[in-house]
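Report on one structure; see the data block that follows.
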Amino acid sequence: MSFAISADFLAAENAKLEAAQAEDYQALGRQLSRRGISIEAMTERAMTYAVAVPTWGVGTGGTRFARFPGPGEPRNIHDKLEDCGVINQLTRVTPTVSPHFPWDKVADYNALRQEAARHELGFDAVNSNTFQDQRGQRHSYKFGSLTHAVKATRMQAVEHNLECIEIGRQLGSTALTVWIADGSNFPGQSNLNAAFDRYMDSLRIVYDALPTDWLVFLEHKLYEPAFYSTVISDWGSSFMAALELGPKARCLVDLGHHAPNTNIEQIVARLIRAGKLAGFHFNDSKYGDDDLDSGSVDPFRLFLVFNELVDAELRQAEGFSPAYMIDQSHNVTDPIESLMASAIEIQRAFVQASLIDRELLSAAQDGGDVMLGHRIVKQAFITDVSPILAEARRRKGGAIDPIGLYRSSGYRAEKTKERPPVEGTSAGIV
Ligand code: RM4
Ligand code: MN
Ligand code: MN
């Protein structure tokens with residue numbers, strides 16, 4: 001029997017914190033009610049929020065210099081589902097996982113779907129991988145995949161994406177996320193527009209193979225591993241591709257995939273306006289695609305993104321139904337702790353943005369009251385909504401203090417005994 005955190009242990013740990021939680025909740029409730037906000041309505045809103053966890057995020061990540069494996073890391077998709085189950089068990093905000101293929105390949109996907117359901121998990125968007133060569137692969141992706149100059153290589157990459165759709169269908173997913181590493185490292189290495197044209201030709205085949213209720217999410221990224229030019233480098237390229245492909249193609253925003261200081265919330269606003277926002281890969285960054293924990297470096301930026309999202313939701317913007325996913329690499333922390341903290345930070349930004357009085361804000365904007373507009377937004381951001389988040393977790397059967405409870409459960413130590421390290425484990429991104 002593999003170790004699991006029991007409901008009794010969870011209840012006993014929560015019991016120790018319940019009185020303090022109730023006190024904090026009431027105090028915040030009084031503060032919010034003076035501002036005309038119902039804490040109960042906010043808690044109910046918090047309880048509806050969900051974000052998907054990436055299967056590749058529960059393994060220890062690394063950089064191109066090294067990877068320092070953590071103890072008891074997941075060795076395969078089965079272990080990963082177990083860890084993802086714990087994240088949701090304690091936070092109650094991550095009921096789905098986003099798998100990556102071929103990393104998460106198994107022989108029987110129906111069985112995998114049932115296995116996930118036993119951990120109370122479902123599947124979100126499936127991610128294809130044509131940025132690495134797999135063992136036994138006929139054509140190398142060294143010089144590109146979906147945009148490769150050689151047709152046979154492009155077709156191999158197309159086939160992989162079609163296979164991902166088929167796997168996703170069996171898992172109950174309804175979206176395919178395509179991120180390609182294609183680009184060039186030297187001026188003159190590649191014809192910038194010819195590469196984009198080849199991308200369109202390849203993607204059209206994938207697009208046409210989408211089941212009726214599916215979407216394809218196009219993920220842009222400024223640079224890395226291509227350092228001179230990347231084919232789908234920015235939201236402009238992504239948008240152009242999505243527009244040409246049709247209504248089932250949308251643009252996915254990975255927060256780390258922009259130049260430093262880019263106004264990401266404005267990109268989000270524009271994509272919402274165009275009905276083309278696919279959703280997110282949440283993470284935080286300081287310099288590039290750092291894949292740091294969401295809200296750990298710049299929580300204000302995360303909040304401002306949610307300001308746009310909540311605004312769109314409340315005015316029922318047409319075609320607005322973003323998919324929320326985390327995409328992080330945990331190199332120096334326990335990935336379960338990082339993912340729990342990140343999911344809570346994302347939920348926090350959602351609740352904070354929900355505190356904004358939208359009518360008052362519009363009036364300030366239209367009336368040219370700059371300071372008032374800014375203060376309305378800022379006041380929402382500086383409100384500590386932690387008691388609301390804890391209450392939402394508690395009511396959904398989660399932990400008042402997920403990281404504290406996880407640590408005292410001894411989960412990682414138990415997994416270290418159960419999961420002896422294996423050579424070449426497929427844990428996190430390296
Ligand atoms: C990329 C991108 C993709 C992810 C890979 C592992 O930078 O963010 O979403 O699948 O990393
Ligand atoms: Mn990503
Ligand atoms: Mn990335």
Side-chain angles (χ1 to χ4, degrees), residues 51-64 67 74 77 80 97-105 123-134 141 144-146 157 160-161 164 167-168 173 175-183 199 215-227 230-235 237-238 241 250-260 262 264 267-268 271 277-294 296-297 302 305 322-331 335 338-339 342 346 426-430:
V51 58
V53 157
T55 56
W56 61 100
V58 284
T60 310
T63 68
R64 62 201 162 98
R67 188 178 91 85
I77 180 65
K80 290 177 190 173
V97 299
S98 188
H100 220 310
F101 296 100
W103 293 340
D104 297 328
K105 252 186 161 174
F123 286 94
D124 214 293
V126 290
N127 298 262
S128 60
N129 176 345
T130 59
F131 48 87
Q132 290 174 326
D133 284 348
Q134 307 301 328
Y141 295 136
S145 59
L146 289 170
H160 168 67
N161 278 282
C164 285
I167 294 172
S173 302
L176 167 73
T177 300
V178 182
W179 172 71
I180 53 164
D182 298 30
Y199 177 80
L215 296 173
V216 61
F217 298 164
L218 311 181
E219 182 177 0
H220 62 273
K221 166 159 156 164
L222 187 59
Y223 72 95
E224 193 208 17
F227 288 111
T230 292
V231 182
I232 305 298
S233 55
D234 53 16
W235 79 277
S237 307
S238 171
R250 294 189 177 183
C251 310
L252 183 123
V253 178
D254 182 312
L255 292 191
H257 290 189
H258 307 87
T262 296
I264 300 174
I267 294 173
V268 171
L271 288 175
L277 179 68
F280 292 87
H281 272 181
F282 288 118
N283 49 54
D284 213 335
S285 74
K286 184 76 182 162
Y287 304 106
D289 190 18
D290 307 340
D291 281 333
L292 297 170
D293 289 15
S294 297
S296 65
V297 177
L302 184 63
V305 165
Y324 297 124
M325 293 167 279
I326 296 176
D327 181 5
Q328 296 177 174
S329 178
H330 312 106
N331 308 348
S338 268
L339 284 164
S342 302
I346 294 163
S426 75
I429 317 165
V430 186

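For this chain, numbers begin at 1 and follow the sequence in order. Counting starts at 1 for both ligands and their atoms, following the listed order.
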*Considering only heavy atoms, does Asp327 approach ligand 1 within less than 4.0 Å through its side chain, its backbone, both, or neither?*
side chain

*Between Asp289 and ligand 1, which part of the residue brings a heavy atom under 4.0 Å of the ligand: side chain, backbone, both or neither?*
side chain

For [X] and [Y], which I'm curious about, is there any donor-acceptor pair between the side chains at under 3.5 Å?
X	Y	value
Asn127	Ser98	yes
Gln328	Ser338	no
Ser145	Thr130	yes
Asp284	Ser294	no
His258	His220	yes

Sub-4.0 Å atoms of ligand 1 with respect to non-hydrogen atoms of [X]:
X	value
His281	9 (O)
His257	2 (C), 7 (O), 8 (O)
Asp254	8 (O)
Lys221	7 (O)

Sequence-distant partners of [X], ring pair (Phe, Tyr, Trp, His ring centres under 6.0 Å), two or more places apart:
X	answer
Phe280	Phe282
His100	Trp56, Trp103, Phe131
His160	none

*With 2.8 Å as the limit, jot down which protein N, O or S atoms are around the Mn ion (ligand 2).*
Glu219 OE2, Asp254 OD2, His281 ND1, Asp327 OD2

*Does the pair Asp104/Lys80 count as a salt bridge with the N-to-O cut at 4.0 Å?*
yes

